[in-house]
Engineer: 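Here's a structure for you.
In what follows, every heavy atom counts, from backbone to side chain, and hydrogens, waters and symmetry copies are set aside. Chain naming here is simple, since letters A, B, ... match the order of the sequence lines and numbering starts at 1 in each.
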Amino acid sequence: MSSEQPASPVSPADFIRQRITADRAAGRHGGAVVTRFPPEPNGYLHIGHAKSICLNFGVAEEFGGRCFLRFDDTNPLREDETFVQAIREDVAWLGFDWGDRLTHASDYFERLHACAVELIRRGLAYVDHLSAEQIREYRGTLTAPGRESPYRARSVEENLELFERMRRGEFAEGECVLRARIDMASGNINLRDPTLYRIRKVAHQRTGEAWCIYPMYDFAHTLSDAFEGITHSLCTLEFEDHRPLYDWLLDQLDLPHRPQQIEFSRLNLAFTVTSKRKLSQLVERGIVAGWDDPRMPTLAGMRRRGYPPEAVREFIRRVGVTKKENTIEMGALESAVREHLNVHAERRLAVQRPLKIVLENWPDGQTETVSLPNHPADPARGSREVIFGRELYIEADDFMEDPPRKFHRLKPGGEVRLRGAFIIRCDEMIRDETGQVVELRCSYDPETRSGASGADRKVKGTIHWVHAASAIPVELRLYDRLFSAADPDGQGDYLAALNPESLVTLTGALGEPALAALGPGETVQLERAGYFTRDAASATGVLVLNRTVTLRDSWARLEAAAR
RNA sequence: UGGGGUGUAGCCAAGCGGUAAGGCAGCGGGUUUUGAUCCCGUCAUUCGCAGGUUCGAAUCCUGCCACCCCAGCCA
């Protein structure tokens, strides 16, 4: 993947890369760079995770280091092995390779337990029999200090015995926990004797019934970093005030390595949500078709939508890494997608909402073949032959009976070029009983065939078309933003901000025959309409195309501005 | 009344005491058989605000303001 160099000027190193460079210059960690991407297997990865993945794997790659893919599976209540597989696929799809460095926090349960015992021995942890509610009360508030638990003064021997009994399952869930003994008066609530282990009498997806006590995030994560020799533990801003606890744990135990935590701001995208809770709610309530619904900001959704992984990476690169809260506009992502697809996707013709036209001066029953380039800017990609004849379909939007000024498509008595073929003139409109125009009678100019001597005659517009008899039916799924508010959470209930038109399905569309050869997941540009990707998940039979992204459309902008 | 962070254009983002990079969006123009692409031009006398230091401040100091995160036996 590193073979692709972005065309854009080199971006300056972000603060994290600057810091790593400084660490290496100072000889810290022996110059090594080891990172990790630590997802919890309780949901699918989304665009926010892509930032973390690109950062962690990217940094390791750039500095000749290593990156672990570590599943943070310390809470068997919420996690599931099926998510592990999905996450592996997503990381691989994005273009990163963890080699033999796929680990689980649960791989370290035994060592983690030994560390907990060591903390108890050093008088730095105790078994607390306060209830969850009492612990909360004793913790104090943001502005008032907490109080010490009456169990805080238990002896090392008693704590050792109690913790062992916790492990053996002699206590019920919630009866007691293991806590660190730090400072109940700290201004940082994470230091008010945080819970290290809790009892969960449920089978773990990987360790089965081996354990009934499970480590908490701060404990497991910090020590896993140390065990794996992580040098730079990169995480998001909300963990900033966990860093003192992270460092405290590293200070108290004799560990082989001393990692450092560095925080950066998470990526927020306008007009969507990226909280796992909300995304799973969309799936569970059937608001979207699944985690891989093309409207979802998940990697699986973007893949099915047709976003190239290169474009996602380029987008992440453009967005940068800082500590500032941010909300990135959708346009930035779409721009990266268009930029990649513009050079890589072949061109095809299809009509989204067909309007029939008949060329009355074209001999009945006769057809000809016209040649269309697969990529106008890249002749090496060849061309294809398309049948042309008397009965065709054009885009309904490309005809207006009473058009505004500067509308240079087809109008009564007007001329337009059919892409790659002839110039035609609209002679007559056929209406149904309601007065609706349902068909156009036209005539073509035989001198204007593309490539012929008369073809240089200028007309204002060029529109796309398909040949009626040879066109194939296609189903087009037109996607738009999932929410109609830039910040769906802004008004409280994010579900109220759902965009009712986030999916419009066009079942009557017609495409040129070459579209039948499109493979699942393959993307083409339907000229003047947008980039479309053959759906990889829908049943065979109908050809289903997902609209990946529209083309930039300055006419649509003019129209909108006029209104 | 606590602790931790962040403020540079509509959205991102460089800058690290020597006179505001770049991208996205926008705007103007050129090319074009995709109203696409491509090309050219334009877009911050000013960096949250107010003082101070300095020949010189977005960068250093002081004070203020705004916004975000933290009171799970979640991660």
Engineer: Whether A:Arg136 contacts B:C73 is assessed here as follows: a side-chain N or O lying under 4.0 Å from the phosphate OP1 or OP2. Is that the case?
Structural biologist: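 False: A:Arg136 side-chain N/O out of range (4.0 Å or more) of B:C73 OP1/OP2.
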Engineer: Apply salt bridge (Lys or Arg N to Asp or Glu O under 4.0 Å) to A:Glu133 and A:Arg136, showing your working.
Structural biologist: CA-CA 5 Å; A:Glu133 303 81 81; A:Arg136 194 186 329 118; 5.0 Å; no
Engineer: Measuring from the side chain of A:Asp241 (C-beta onward, heavy atoms only), which nucleotide among B:G2, B:C73, B:C69 has the closest atom?
Structural biologist: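 Selected nucleotide: B:C69.
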Engineer: Of all the nucleotides listed (B:G4, B:A75, B:C73), which has the minimum atom distance to the side chain of A:His242?
Structural biologist: B:A75
Engineer: More 5' along RNA chain B: A:Gly331 or A:His129, using each one's nearest nucleotide?
Structural biologist: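 Of the two residues, A:Gly331 wins.
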Engineer: Under a 3.5 Å cut-off for both contacts, is B:U62 paired Watson-Crick or G-U wobble with anything, and if yes, with which nucleotide?
Structural biologist: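 WC or wobble partner is B:A50.
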Engineer: Are A:Gln261 and B:G4 close enough that a side-chain N or O sits under 4.0 Å from OP1 or OP2?
Structural biologist: no
Engineer: Taking only side-chain nitrogens and oxygens of A:Arg317, does any of them come within less than 4.0 Å of OP1 or OP2 of B:G22?
Structural biologist: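 No, no such contact exists.
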Engineer: Please report, rounded to the nearest Å, how far the C1' atom of B:C74 is from the CD atom of A:Glu238.
Structural biologist: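 A:Glu238 atom CD is separated from B:C74 atom C1' by 12 Å.
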Engineer: A cation-pi test, strictly: NZ or CZ of A:Lys411 under 6.0 Å from the centre of the six-membered ring of A:Phe399 and no more than 45 degrees from its axis. Yes or no?
Structural biologist: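 Geometry flag: not set, cation outside 6.0 Å or 45°.
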Engineer: Given B:C70, is OP1 or OP2 found less than 4.0 Å from the side-chain N or O atoms of A:Arg243?
Structural biologist: no
Engineer: Are more than 12 heavy atoms from other residues, nucleotides or ligands located less than 6.0 Å from atom CZ of A:Arg425?
Structural biologist: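 At most 12 heavy atoms, drawn from other residues, nucleotides or ligands, come within 6.0 Å of this atom.
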Engineer: On RNA chain B, does the nearest nucleotide to A:Gly320 precede the nearest nucleotide to A:Arg139 from the 5' side, or the other way round? Give the residue.
Structural biologist: A:Gly320
Engineer: Which nucleotide in the set B:C74, B:A71, B:A13 lies at the smallest distance from any side-chain heavy atom of A:Thr141?
Structural biologist: B:A71
Engineer: Can you tell me, in whole Å, how much space there is between the P of B:U53 and that of B:C40?
Structural biologist: 47 Å
Engineer: Between B:U19 and B:G29, how far apart are the C1' atoms? Round to whole Å, please.
Structural biologist: 32 Å
Engineer: What nucleic acid atoms does A:Val319 come within less than 4.0 Å of, heavy atoms only: base, sugar-phosphate, or nothing?
Structural biologist: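 Sugar-phosphate: the residue A:Val319, judged by heavy atoms under 4.0 Å, touches backbone atoms but no base.
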Engineer: Where along nucleotides 27-43 of chain B does protein come under 4.0 Å, by heavy atom, of base (B) or sugar-phosphate alone (S), with - for untouched nucleotides?
Structural biologist: S-----BBBSS------
Engineer: Are the ring centres of A:Tyr307 and A:His340 closer than 6.0 Å?
Structural biologist: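 That pair fails the under 6.0 Å test.
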Engineer: Identify the nucleotide, in any strand shown, that forms a Watson-Crick or G-U wobble pair with B:G2, with both distances under 3.5 Å; if there is none, say none.
Structural biologist: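 B:G2 is paired, partner B:C70.
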Engineer: Determine the Euclidean distance between corresponding C1' atoms of B:C16 and B:C47; express it in Å to zero decimal places.
Structural biologist: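 It comes out at 15 Å once rounded to the nearest Å.
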Engineer: With C1' as the reference atom in both, quote the distance from B:C60 to B:G23 in angstrom, rounded to an integer.
Structural biologist: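 Pairwise C1' distance, B:C60 against B:G23, rounds to 31 Å.
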Engineer: Do A:Arg481 and A:Phe271 meet the cation-pi criteria used here (NZ or CZ under 6.0 Å from the six-membered ring centre, within 45° of the axis)?
Structural biologist: yes
Engineer: Is it the case that atom NZ in A:Lys201 sees more than 12 heavy atoms from other parts of the structure closer than 6.0 Å?
Structural biologist: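 More than 12 heavy atoms, drawn from other residues, nucleotides or ligands, come within 6.0 Å of this atom.
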Engineer: Return the minimal non-hydrogen interatomic distance between A:Val459 and A:Val416, and the atom names on each side.
Structural biologist: CG2-C, 4.1 Å
Engineer: Could you tell me whether the phosphate oxygens of B:C12, OP1 or OP2, come under 4.0 Å of any side-chain nitrogen or oxygen in A:Thr322?
Structural biologist: no
Engineer: Does a side-chain N or O of A:Thr195 approach OP1 or OP2 of B:C73 to a distance below 4.0 Å, or not?
Structural biologist: yes
Engineer: Checking understanding here: a glycosidic angle within 90° of 0 is syn, the rest anti, so what is B:G26?
Structural biologist: anti
Engineer: For the residue pair A:Arg36 and A:Phe68, would you count it as a cation-pi contact if the rule is NZ or CZ under 6.0 angstrom from the ring centre and within 45 degrees of the ring axis?
Structural biologist: no
Engineer: Taking atom P in both B:U62 and B:U6, compute the distance separating them and give it to the nearest angstrom.
Structural biologist: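 16 Å, rounded to whole Å.
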Engineer: Quick check: A:His467 with A:Tyr393 (ring centres under 6.0 Å apart)?
Structural biologist: no
Engineer: Please give the distance between the C1' atoms of B:A9 and B:C43 as a whole number of Å.
Structural biologist: 9 Å
Engineer: Taking any strand in view, what nucleotide pairs with B:U42 in a Watson-Crick or G-U wobble way, both distances under 3.5 Å?
Structural biologist: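 The answer is B:G26, by the H-bond criterion.
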Engineer: Grab the N/O contacts between the protein and nucleotides 6-8 of chain B below 3.5 Å, and write none if there aren't any.
Structural biologist:
| residue | atom | partner | partner atom | Å |
| --- | --- | --- | --- | --- |
| B:U8 | OP2 | A:Lys324 | NZ | 3.0 |

Engineer: Below 6.0 angstrom between ring centroids: does that apply to A:Tyr444 and A:Phe388?
Structural biologist: no
Engineer: Just how far is it from atom CZ of A:Phe219 to atom OH of A:Tyr246, taken to the nearest 0.5 Å?
Structural biologist: 13.5 Å
